[in-house]
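It should be emphasised that the depicted structure is a prediction, and the values quoted were computed from it without experimental measurement. As a basis for the values below, the full set of heavy atoms in this structure was taken, side chains included, without hydrogen atoms, waters or symmetry mates.
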Amino acid sequence: MHVHVNAAVSVDGKLSSTRREQISISGDEDFARMETIRAESDAVMVGVGTVLADDPSLERHDESLGREPPARVVADSRARTPTDADILAGDRPTYVLASAAAPEDRRRALERAGATVIVAGDERVALPEAFDELASHGVSRLMVEGGGELIFSLFAAELVDELTVYVGSMIIGGRGAPTLADGDGFVDEFPTLELRDVARLDDGVVLTYDV
């Protein structure tokens, strides 16, 4: 599976403010770029923190790009995704990646709401196993949109193939504001990237890396 992480950050590397509210960091040109990546993907993934904070639908809005809209994936170890979340709306497939520690009643409720629940791992989602199951459902290209905890976990599991980051011309600040890669952090054997391209877009730049 090809895993493409795409994110927009401020100059100081923040995905959002300390309030963890959605902030417009990029503009129309970058949104169009994101739509193209979505159109090339079989599924789009976010972490449950993003679902709880922003309630995204992960819809693709430019239908002229062709292909069927991508499936939706949530990394949600404890199955906390609300059953009325926008990510479950409509008839596109939604996969919730949960751990064995997720309450059985929550898993059943999500399945009744239309999700396919994939259980992998004991306390936290075992991402390699969960991705193997996603692949069996036809997902060969996965776009990941955040947040920082999920992105860190993917790098820690060595599952990322490509990273694109839009850096917007703003400062957000804040010790508790989410960054591109949160989680426990690396203290040695830091993931290394190869810069493939730099492009100016809107009032910022897009950095493209191979991992």
Side-chain angles (χ1 to χ4, degrees), residues 1-9 13-16 18 20 22 34 37-38 41-56 58 70-82 85 87 94-103 106-107 110 115-137 139-166 175-194 207-211:
M1 181 189 299
H2 183 90
V3 178
H4 183 167
V5 173
N6 178 75
V9 301
K14 305 296 185 181
L15 294 172
S16 182
T18 55
R20 296 181 178 267
Q22 194 170 32
M34 180 187 69
I37 299 172
R38 281 185 177 178
S41 303
D42 301 307
V44 181
M45 182 179 189
V46 294
V48 68
T50 298
V51 172
L52 295 175
D54 300 334
D55 194 22
L58 302 185
R72 302 161 292 190
V73 182
V74 185
D76 184 4
S77 293
R78 302 285 169 159
R80 294 185 293 151
T81 299
I87 205 166
T94 299
Y95 301 95
V96 176
L97 312 184
S99 72
R106 288 294 310 148
R107 289 188 243 165
L110 287 169
T116 297
V117 178
I118 295 173
V119 178
D122 296 326
E123 295 296 323
R124 295 175 58 85
V125 174
L127 289 167
E129 296 172 27
F131 279 19
D132 286 343
E133 183 66 21
L134 281 178
S136 74
H137 287 274
V139 177
S140 61
R141 294 191 65 88
L142 178 68
M143 177 187 184
V144 179
E145 295 190 4
E149 295 281 343
L150 173 59
I151 292 172
F152 171 81
S153 296
L154 290 168
F155 274 104
E158 300 182 345
L159 292 172
V160 181
D161 298 292
E162 184 177 1
L163 170 69
T164 47
V165 183
Y166 177 87
R175 291 185 191 89
T179 65
L180 179 68
D182 287 333
D184 295 331
F186 297 102
V187 295
D188 55 24
E189 298 185 9
F190 305 102
T192 56
L193 315 175
E194 181 179 341
L207 307 175
T208 303
Y209 296 94
D210 292 321
V211 183

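In this structure Asp42 satisfies the salt bridge (charged side-chain N to carboxylate O under 4.0 Å, His left out) test together with Arg67, sequence neighbours excluded. Here Glu123 pairs with Arg78 under the side-chain hydrogen bond (donor to acceptor under 3.5 Å, both in side chains) rule; sequence neighbours left out. Applying the side-chain contact (heavy atoms from CB on, under 4.5 Å) test to Pro103 and every residue at least two apart in sequence or in another chain returns Asp105, Arg106. Residues that satisfy the salt bridge (charged side-chain N to carboxylate O under 4.0 Å, His left out) test with Glu149, not counting sequence neighbours, are absent from this structure. Applying the side-chain hydrogen bond (donor to acceptor under 3.5 Å, both in side chains) criterion to Glu133, with sequence neighbours excluded, gives His137. Considering only residues two or more places apart in sequence or on other chains, Ala177 meets the side-chain contact (heavy atoms from CB on, under 4.5 Å) condition with Lys14, Thr18.
Of the candidates Val144, Val48, Asp182, Leu150 forms a side chain to side chain contact (heavy atoms under 4.5 Å, CB included) with just one, namely Val144.
The 12-atom threshold is exceeded at CG of Asp210, counting heavy atoms of other residues, nucleotides or ligands nearer than 6.0 Å. In the displayed structure, Arg107 atom CZ is contacted under 6.0 Å by more than 12 heavy atoms of other residues, nucleotides or ligands.
Between the OG atom in Ser77 and the CG atom in Leu127 there is a gap of 8.0 Å [rounded to 0.5 Å]. Distance CG/Leu193 to CZ/Phe155: 5.5 Å, rounded to 0.5 Å. With values rounded to the nearest 0.5 angstrom, Leu110 atom CG is found 12.0 Å from Arg80 atom CZ. The CZ atom of Arg72 sits 11.5 Å away from the OG1 atom of Thr81 when rounded to the nearest 0.5 Å. Atoms CG and OG1, on Leu58 and Thr94 in that order, are 8.5 Å from each other to the nearest 0.5 Å.
No donor-acceptor pair under 3.5 Å is formed between the side chain of Arg141 and the backbone N or O of Ile37. Between the side chain of Arg38 and the backbone N or O of Pro70 there is no donor-acceptor pair closer than 3.5 Å. Between the side chain of Thr179 and the backbone N or O of Gly13, no donor-acceptor pair lies under 3.5 Å. Using modelled atom types, no side-chain atom of Asn6 and backbone atom of Glu145 make a donor-acceptor pair closer than 3.5 Å.
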Between Val46 and Asp54, does the side chain to side chain contact (heavy atoms under 4.5 Å, CB included) criterion hold? Intermediate values first, please. CA-CA 11 Å; Val46 294; Asp54 300 334; over 6 Å; no
Audit row: Leu97, Met45, side chain to side chain contact (heavy atoms under 4.5 Å, CB included) steps and yes/no: CA-CA 10 Å; Leu97 312 184; Met45 182 179 189; 3.7 Å; yes
